[in-house]
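Predicted model, so just to flag it, every value in this text is computed and none were measured. Chain A is the first sequence line, chain B the second, and so forth, proteins listed ahead of strands; every chain is numbered from 1.
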Amino acid sequence: MNPRHWLPTPQKMSDAVQLRASGFTETSMRQSLGMVLVLGLLAGFIPFLVNWEQAATAGSALPLARLGAQASRIQATPLTYISPMFDPVILGETVQLIAGLPQPLPGWLAAFLSALGEWINWPLRWLALWIVYGALVMACNKALGATNRLQPFFAATGFAAAPLILVGLSPVPCLGRICSAVGVIWAFVVYARANEEVTNLPRSRSLAAVLLPLLILLILSLLALALFGLLLYLVVSAV
Amino acid sequence: MCHFSPPPKQPAYGTVKIFECRSVLCYHCRKRASGLAQASCILRHGPTLIRIALRVYRPDSLRNYMLQPQNYPQFIGKALLLEPDPFVEMVDDDNPWIEGLFLCATIGVLVAAAQLVGSLLLTVSLPHSEALLNLVLAGLRQSALGDESLLETERTLRTLWPLLLAYTGYDSVGFRIFTLAATPLGLIGQWLLFGLTSHLLARAAGGQGALGQTLGAVALSAAPRLLYLFSMIPFVSVAAVLVHVWGILIAFRGLEVAHELPPWPAALVAGGAWLLTLLVSAVVVLLVAFLLFLAGGNP
């Protein structure tokens with residue numbers, strides 16, 4: 001198993017993040033897949049260490065440690081406007097009690113396993129974004145007149161993962177959020193450039209193909225949120 | 001040493017030549033690529049051409065009459081990367097539907113075993129579910145709910161709790177043992193349904209493939225489910241949307257090859273077949289839920 005077959009050269013990655021056309025050619029989908037997975041793992045490493053430390057300090061699995069950390073916030077949340085039946089203080093206490101329940105495994109091991117699971121989720125999320133969003137963009141590309149095929153498209157757009165590695169710095173106070181925002185915007189620009197390069201569409205059409213799925217997803221999310229809110233309101237009213 | 005095949009006689013084949021080392025020459029633009037995946041000039045002519053060319057020119061020594069399980073990782077890997085080779089091999093196999101059946105069963109067993117291990121690890125990483133439920137109920141009892149509402153809420157929570165546990169794999173090892181058999185069977189059922197609907201739609205769209213070939217090609221769309229192997233690590237969540245969308249992309253490539261369909265009809269057939277499968281699955285789930293409801297919630 002030759003690593004060169006699974007990863008593009010650093011020069012290619014450098015060219016791609018600098019938006020040079022040469023960065024998006026002569027790369028296979030296999031190399032892009034490898035790049036997305038490896039960069040996802042690298043980006044998730046610092047958050048993994050932070051999560052492990054947080055969970056190990058609490059002596060429980062990560063979700064419970066996070067839940068315990070949120071208890072004081074829950075107590076301060078004005079939930080009473082939803083319904084008078086939710087007492088934030090009781091809710092906070094219950095959450096604290098749940099977070100403090102013992103588990104069969106030693107605390108550090110439960111903490112490690114949960115932090116490891118959370119780490120593996122990083123490349124899986126990036127993979128989902130790459131494939132699912134890519135499929136939608138590809139459909140828009142075709143509708144707007146592109147003639148390219150799936151493999152070169154995925155091979156080129158995988159380079160958007162390169163600047164996204166900055167998101168891995170998110171646990172760093174203050175700087176982390178700025179780095180994350182820069183990483184996301186940079187990744188989007190690289191994605192749009194890769195799409196333009198691989199489809200040979202005019203810039204406006206290429207950009208429209210990249211943005212259309214985002215718009216559709218936004219509208220669908222808002223609709224789903226509104227439906228969920230309506231459902232919650234009806235349930236609370238009924239109770 | 002490359003084996004130069006004689007130029008094809010039929011005009012449609014005249015644009016491509018496949019060598020023994022699997023490199024490809026396009027007569028149309030005179031480009032030579034080192035592998036099928038790189039042969040974008042030929043891929044533009046459609047995978048049909050490649051399939052026909054492979055079938056005609058592949059030497060007998062390279063013909064794969066029965067896929068071997070040791071080749072599955074490479075075979076599945078290529079399908080995940082949307083390369084045409086595995087579809088060509090599957091479609092040209094002696095019994096593509098048997099290969100598909102074995103592939104789905106293997107993936108199903110592996111995934112179920114991984115989920116069983118994941119369920120065990122998740123259960124020991126979290127507090128006992130009964131203690132958790134009792135704490136939630138105790139919290140509810142302290143809320144300002146009326147007696148009647150409280151009883152109703154508690155009853156609903158107790159009914160939904162086992163379903164929630166079974167869904168998440170938390171404290172439901174018994175259920176996961178049951179899924180060791182149910183997952184492969186469910187996957188095979190889904191594959192058959194997806195394959196049949198794909199075949200009917202592809203035929204309606206002018207496809208040429210046989211049912212066995214469709215089933216074989218579509219079976220590869222189960223490959224992304226191998227991502228669920230990661231669920232043996234607790235708290236790993238594989239997005240269902242990723243598995244389904246990737247599966248549709250693979251089915252799209254498979255239908256292109258098996259039915260010799262152009263890209264747009266193949267995409268519509270793959271998407272339509274998935275929607276139909278989803279609809280039928282939803283109806284089946286609703287029917288089972290209705291039967292459970294009639295039985296008073298006891299299976």
Query - Largest heavy-atom contact set with chain A, pairs under 4.5 Å, which of Ala267(B), Gly118(B), Pro234(B), Pro263(B) - result: Pro234(B)

Query raised in the report: So which part of Leu227(B) gets closer than 4.5 Å to some heavy atom of chain A, the side chain, the backbone, both or neither?
Result: side chain

Query - Short N-O contact, Arg30(A) and Glu83(B), less than 4.0 angstrom - result: no

Report task. Under 4.5 Å heavy-atom distance to chain B, tell me which part of Leu33(A) shows up: side chain, backbone, both or neither. Result -> side chain

Report task. Could you give me the CA-CA distance, side-chain angles and deciding distance for Glu154(B) and Leu157(B), then say whether side-chain contact (heavy atoms from CB on, under 4.5 Å) is met? Result -> CA-CA 5 Å; Glu154(B) 197 172 320; Leu157(B) 198 58; 5.7 Å; no

Query raised in the report: Got a second to check how far Trp274(B)'s CH2 is from Ser198(B)'s OG, nearest 0.5 Å?
Result: 13.0 Å

Report task. With a 4.5 Å cut-off on heavy-atom pairs, point out which of Leu136(A), Leu101(A), Leu150(A), Thr94(A) contacts chain B the most. Result -> Leu101(A)

Query raised in the report: With a 4.5 angstrom heavy-atom cut-off, which part of Pro224(B) approaches chain A: side chain, backbone, both or neither?
Result: neither

Query raised in the report: Leu127(A) versus chain B, heavy atoms under 4.5 Å apart: side chain, backbone, both or neither?
Result: both

Query raised in the report: Say you draw a straight line from OG of Ser22(A) to NZ of Lys12(A); how long is it, rounded to the nearest 0.5 Å?
Result: 5.5 Å

Query raised in the report: Which residue out of Ile248(B), Leu121(B), Val236(B) racks up the most heavy-atom pairs below 4.5 Å with chain A?
Result: Val236(B)

Report summary line: So, the part of Pro63(A) with a heavy atom under 4.5 Å from chain B: the answer is side chain

Query raised in the report: For Phe230(B), does the CZ atom sit with more than 12 other heavy atoms under 6.0 Å from it, leaving out its own atoms?
Result: no

Query raised in the report: Yes or no on side-chain hydrogen bond (donor to acceptor under 3.5 Å, both in side chains) for Asn195(A) and Ser206(A), after CA distance, side-chain angles and deciding distance?
Result: CA-CA 6 Å; Asn195(A) 188 54; Ser206(A) 166; 3.2 Å; yes

Query - Heavy-atom contact with chain A under 4.5 Å, split by part of Thr123(B) - result: backbone

Query - From Phe112(A), Phe45(A), Trp108(A), residue fulfilling ring pair (Phe, Tyr, Trp, His ring centres under 6.0 Å) relative to Trp52(A) - result: Phe112(A)

Query raised in the report: When rounded to the nearest 0.5 angstrom, what is the spacing between CG in Leu37(A) and CH2 in Trp130(A)?
Result: 8.0 Å

Query raised in the report: Taking Val132(A), Leu116(A), Leu109(A) one by one, which has the highest count of heavy-atom pairs under 4.5 Å against chain B?
Result: Val132(A)

Requested in this report: State plainly whether the residues Lys78(B) and Glu89(B) are in salt-bridge range, i.e. N to O under 4.0 Å.
Outcome: no

Query - Under 4.5 Å from a heavy atom of chain B, the part of Leu64(A) involved - result: side chain

**Report entry** Top contributor to chain A contacts, counting heavy-atom pairs under 4.5 Å, from Leu122(B), Val124(B), Leu135(B)
**Finding:** Val124(B)

Query - Toward chain A, the part of Ile233(B) with a non-hydrogen atom under 4.5 Å - result: side chain

